[in-house]
2 protein chains.
Amino acid sequence: MTTLKYSRQREAIKDFLAGRKDHPTADTVYTNMRGQFPNISLGTVYRNLALLSEIGEIAKISTGEGAERFDGNPVDHYHFVCTGCHSVSDLEMPEIAHINILAGQNFDGEIKGHVAYFYGLCGDCARKQKASHAKKSKQDTIFQKIR
Amino acid sequence: MTTLKYSRQREAIKDFLAGRKDHPTADTVYTNMRGQFPNISLGTVYRNLALLSEIGEIAKISTGEGAERFDGNPVDHYHFVCTGCHSVSDLEMPEIAHINILAGQNFDGEIKGHVAYFYGLCGDCARKQKASHAKKSKQDTIFQKIR
DNA sequence: TTAATAACAATAATTATTACTGTTTTATTA
DNA sequence: TAATAAAACAGTAATAATTATTGTTATTAA
């Protein structure tokens with residue numbers, strides 16, 4: 001059993017995340033922290049991100065591609081991952097907690113919750129793809145991918 | 001544009017995964033493959049796992065804890081991750097594709113799909129916890145966690 | 001059967017993350 | 001307010017997972 005002591009670095013990391021809408025990686029947090037704390041260590045960033053998410057003051061986001069990301073908003077909500085630019089954004093959508101019940105229907109253990117990531121193209125990437133579609137459609141039929 | 005050539009190693013990896021109900025990591029696949037191919041390289045395993053999941057013959061599972069896992073069954077379905085023993089198992093549950101619609105309601109881009117991981121305690125871990133609950137409940141009240 | 005190249009084994013390199021060590025900060029108490 | 005204990009730190013080393021490189025072998029098409 002251990003006690004938590006205040007640290008300026010930890011507070012700064014929490015504040016930094018609270019002020020961001022994207023969902024930065026540990027490395028991005030580190031780079032930005034160096035403005036306020038030129039000597040901050042990457043290990044300090046990792047340690048505090050782990051600690052803050054353990055105590056539920058931030059949330060860890062594992063998209064399955066690239067490094068872990070962190071969200072200053074610890075309240076449960078869903079995320080969208082763009083397969084084009086790899087950005088991660090929040091989704092405003094109704095709770096779908098009922099899917100835990102569905103999941104538990106034919107299951108032996110105890111379902112306590114779920115995480116879900118929606119994927120597709122973000123607004124910007126969707127528009128870019130449409131714009132370039134006309135040009136490329138001919139090429140696509142000639143050089144079709146085999147795999 | 002590149003063409004796919006047959007390889008015994010790739011077939012063996014695919015067959016191995018098809019015969020498993022758990023969802024092995026690259027390293028587990030590697031260890032098992034060495035029975036058939038004593039000189040197989042870990043790089044070969046990684047390359048073929050990536051290739052097979054790109055062409056949709058297997059599925060990659062990113063639980064967010066530990067290494068990537070692979071599923072010989074590429075048909076969309078949901079997974080359960082036990083927070084006790086970290087095992088990953090399949091869930092038999094109805095499709096919940098409608099949540100893509102919900103997710104797209106207030107969203108600018110195009111939602112193409114989702115992945116979801118349910119978590120909690122598997123049957124074995126749930127029973128173990130119940131069994132040890134009586135003994136530990138007193139201790140828990142004395143040594144309560146602060147963080 | 002040869003020629004082109006995908007796939008291989010072996011290994012080096014990279015990326016993301018965690019652990020260690022000696023020093024500094026914070027919080028408690030004399 | 002000064003002394004003490006321990007959490008947190010910076011700096012750095014180490015680890016785990018994965019990807020890239022290189023020279024060789026296997027597969028496929030001509």
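Numbers restart at 1 for each chain; the letters A, B, ... are given by sequence-line order, proteins then strands.
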What residues, two or more places apart in sequence or in another chain, satisfy ring pair (Phe, Tyr, Trp, His ring centres under 6.0 Å) together with B:F118?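 Here the qualifying residues are A:H114.
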
Whole angstrom is fine here: how far is it from CD1 in A:I40 over to P in D:dT12? 16 Å

To the nearest 0.5 Å, tell me how far [X] [atom1] sits from [Y] [atom2].
X: B:F37; Y: B:I13; atom1: CZ; atom2: CD1; answer: 8.0 Å
X: B:M93; Y: A:I101; atom1: CE; atom2: CD1; answer: 10.5 Å
X: B:Q9; Y: B:R47; atom1: CD; atom2: CZ; answer: 8.5 Å

When you measure from the side chain of A:Y117 to the backbone of A:S62, do you find a donor-acceptor pair of N or O atoms at a distance under 3.5 Å?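 Flag set: sc A:Y117 to bb A:S62 pair under 3.5 Å.
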
Counting side-chain heavy atoms from C-beta on, which of [options] comes nearest to [X]?
X: B:R10; options: C:dA7, D:dA10, C:dC8; result: C:dA7
X: A:S41; options: C:dC8, D:dA17, D:dT12; result: D:dT12
X: B:N48; options: C:dT18, C:dC8, C:dA10; result: C:dC8
X: B:R47; options: D:dT18, D:dA10, C:dC8; result: C:dC8

Between B:Y46 and D:dT18, is there a contact of a side-chain N or O with OP1 or OP2 at under 4.0 Å?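 Yes, because at least one side-chain N or O of B:Y46 sits under 4.0 Å from OP1 or OP2 of D:dT18.
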
Donor-acceptor pair under 3.5 Å: do we get one between B:T3's side chain and the base of C:dA6?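 No such pair is found, so the answer is no.
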
What string of B, S and - do you get for nucleotides 21-30 of chain D, 5' to 3', if B is base contact, S is sugar-phosphate-only contact and - is no contact with any protein heavy atom under 4.0 Å? ------BS--

Taking everything shown except B:D15 itself, do over 12 heavy atoms lie less than 6.0 Å from its CG?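 Counting other residues, nucleotides and ligands, CG of B:D15 exceeds 12 neighbours.
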
Do A:T25 and A:T28 get their side chains close enough for a donor-acceptor pair, meaning under 3.5 Å?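 A donor-acceptor contact under 3.5 Å links the two side chains.
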
For A:L42, answer base if it contacts any base atom (sugar-phosphate contacts may also be present), sugar-phosphate if it contacts only those atoms, and nothing otherwise; contact means non-hydrogen atoms under 4.0 Å.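 A:L42: base contact, heavy atoms under 4.0 Å.
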
Between B:K112 and B:N100, is any pair of side-chain heavy atoms under 4.5 Å apart? no

Less than 6.0 angstrom separating the ring centers of B:F80 and A:F107, yes or no? yes

Closest-nucleotide ordering on DNA chain D, the 5'-leading residue of A:Q9 and B:A50: A:Q9

Please list residues of residues 17-24 of chain B whose heavy atoms come under 4.0 Å from any atom in DNA chain C, ordered by number; otherwise none.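 Of all residues in residues 17-24 of chain B, none places a heavy atom under 4.0 Å from DNA chain C.
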
